[in-house]
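Naming: A, B, ... by sequence-line order, numbering from 1 per chain.
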There are 2 protein chains.
Amino acid sequence: MLCGMAKNEVKIRDKMITSRRLIAAVGSLLAREGFKGVGVNAVAREAGVDKKLIYRYFGGLPGLIGAFGKEGDFWPSLLELAGGDLQAFGRMPLEDRLSAFSRNFIAALRRRPLTVAIMAWEVVEANELTRELEAVREERIMDFFRMFFVSELPDEDRQAGIMIVGAGVNYLLIRSGHIDIYGGIGLVTDDDWDRIAAGIDRLIEGLIG
Amino acid sequence: MLCGMAKNEVKIRDKMITSRRLIAAVGSLLAREGFKGVGVNAVAREAGVDKKLIYRYFGGLPGLIGAFGKEGDFWPSLLELAGGDLQAFGRMPLEDRLSAFSRNFIAALRRRPLTVAIMAWEVVEANELTRELEAVREERIMDFFRMFFVSELPDEDRQAGIMIVGAGVNYLLIRSGHIDIYGGIGLVTDDDWDRIAAGIDRLIEGLIG
DNA sequence: ACAACATATCACCACTCGGTGACAAAAATC
DNA sequence: GATTTTTGTCACCGAGTGGTGATATGTTGT
């Protein structure tokens, strides 16, 4: 018997490829199992690689998570939040702008289940990934508001009102992973989220008008 | 040497007392460590009792958690949400009523850190305790709305708007356990929460007027 | 006093967790 | 072709998890 490898191909050895497999494993595990499933052993198993390499290449799980955080497009860009056209967005009346923003925001996050999973993680604990996301979000959101809203919305109470609505949307998005209905509001279908957006429209309408 | 018990008192054996110690241990552990600290071993250690008794008396941790859930005053009553006087509350103008409700709601939950801890737990997983709380809440909130608001607020969008604001408050309360500031809003002092309530007032004002 | 029973403790199981040192195999270098 | 370096695997550690059977001890009834 020359060699027992009947069906196993020759295993190539490449640090880059292996690193990427590990990073990708964090993502798929996070999407499939939620943050509870993201551990050293599970990630290594998912990547089909020995866990030792997590320590060799990333110094540990936090390092790997940090690397994952820097790779991904977790938070929508200004452009996406503005609906694809910053100039046109800037020319809209304030009320329409806020309404469009809320719809874009919801759509952007519904398109990013990983981001929602990380947001759920934030609620529970702080780690490389949540800090990363938190920093980017704080920066983007604040930029966005400075750019498009603050000058026309100097009232502190109204600014707080908008943040509260944003917090509500975050909450509903996070919980939509585990429940189908909250306080009589559906959290599943596109229509459900249209109704939520309509509710937000009413809130904005009142806040501005 | 007759008996080695120098400082240990005679250990009395009482099923009721031990059960209560276990239930109380769930509470203090939940308050001190958060839901992550609530495990069979930790609860038994906290109660100063063998973990076997959790299985004998409650059939396991879920049973114990369920018992804990039924013991506590986790969710504010209608009376508390109405500010102590249902009649007077019912006679207020709608806008004042909603404003008072939001302030009472915030105060009631800030007074119940355990409830907030359970709400954080809800985000992560479903168990006896979260299901219990969820059921009570859904029932109370819906009752409250049917009783005081629905007849004057038939608009579905406006109802959704109020729920979104409530969701936002939940989110801010939960996150106040780990962070001090969110989107520029402080989450620590009484003044911080007054500002949040003021923001909600603006939202309500617009929603009704 | 003794037996019967309820109550509590203990030792132990199989398992998972994060983490590491020793070693094999492939690649790169000489 | 031989040697060194990189890449990967394996076996193992200590600590902690949920869970259980055997056993000791306090309580109660006769």
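- Between the CG atom of Leu22(A) and the C1' atom of dG8(D) there is a distance of 12 Å, rounded to whole Å.
- A straight line from CD1 of Ile17(B) to C1' of dT7(C) spans 12 Å, rounded to a whole angstrom.
- Listed candidates were dT9(C), dA8(C), dG19(D). Nearest to the side chain of Tyr55(B) is dG19(D).
- Just one residue in the list Leu173(B), Ile179(B), Leu172(B) forms a side-chain contact (heavy atoms from CB on, under 4.5 Å) with Arg175(B), and that residue is Ile179(B).
- To the nearest angstrom, P of dA22(D) lies 18 Å from CG of Leu53(B).
- Heavy-atom distances to DNA chain D give each of Arg56(A) and Asp50(B) a nearest nucleotide, and the one nearer the 5′ end belongs to Arg56(A).
- For the OP1/OP2 pair of dG8(D) and a distance below 4.0 Å, the side-chain nitrogens and oxygens of Thr18(A) include at least one atom meeting the criterion.
- Between Glu33(B) atom CD and dT17(D) atom C1' there is a gap of 16 Å when expressed in whole angstrom units.
- In the set dT7(D), dT7(C), dG18(C), dT7(C) carries the atom at the smallest distance from any side-chain atom of Arg13(B).
- Checked by atom type and distance alone, the side chain of Arg112(B) pairs as donor or acceptor with a backbone atom of Asp73(B) at under 3.5 Å.
- The CD1 atom of Ile54(A) sits 12 Å away from the P atom of dC17(C) (whole-angstrom rounding).
- Taking every side-chain heavy atom of Ile12(B) into account, dT27(D) is the closest of dT17(D), dC17(C), dT27(D).
- A donor-acceptor pair is defined here as one N or O able to donate and one able to accept, closer than 3.5 Å; such a pair exists between the side chain of Asn127(A) and the backbone of Thr130(A).
- Distances were taken from every side-chain heavy atom of Lys51(B) (C-beta onward) to each of dT9(C), dT20(D), dT20(C); the shortest belongs to dT20(D).
- Rounded to a whole Å, the CG atom of Asn41(A) is 14 Å from the C1' atom of dG16(D).
- For Lys52(A) against dG8(D), no side-chain N or O and base N or O form a donor-acceptor pair under 3.5 Å.
- Straight-line distance from the CZ atom of Arg45(B) to the P atom of dT17(D): 6 Å, rounded to whole Å.
- When side chains are defined from C-beta on, Trp121(A) does not count as touching Leu133(A), because their heavy atoms never get closer than 4.5 Å.
- If you take CZ of Arg20(A) and C1' of dT7(D), they are 16 Å apart, rounded to a whole angstrom.
- Applying the side-chain hydrogen bond (donor to acceptor under 3.5 Å, both in side chains) definition to pairs two or more places apart or across chains, those involving residues 21-35 of chain A are Ser28(A)-Glu46(A), Arg32(A)-Glu46(A).
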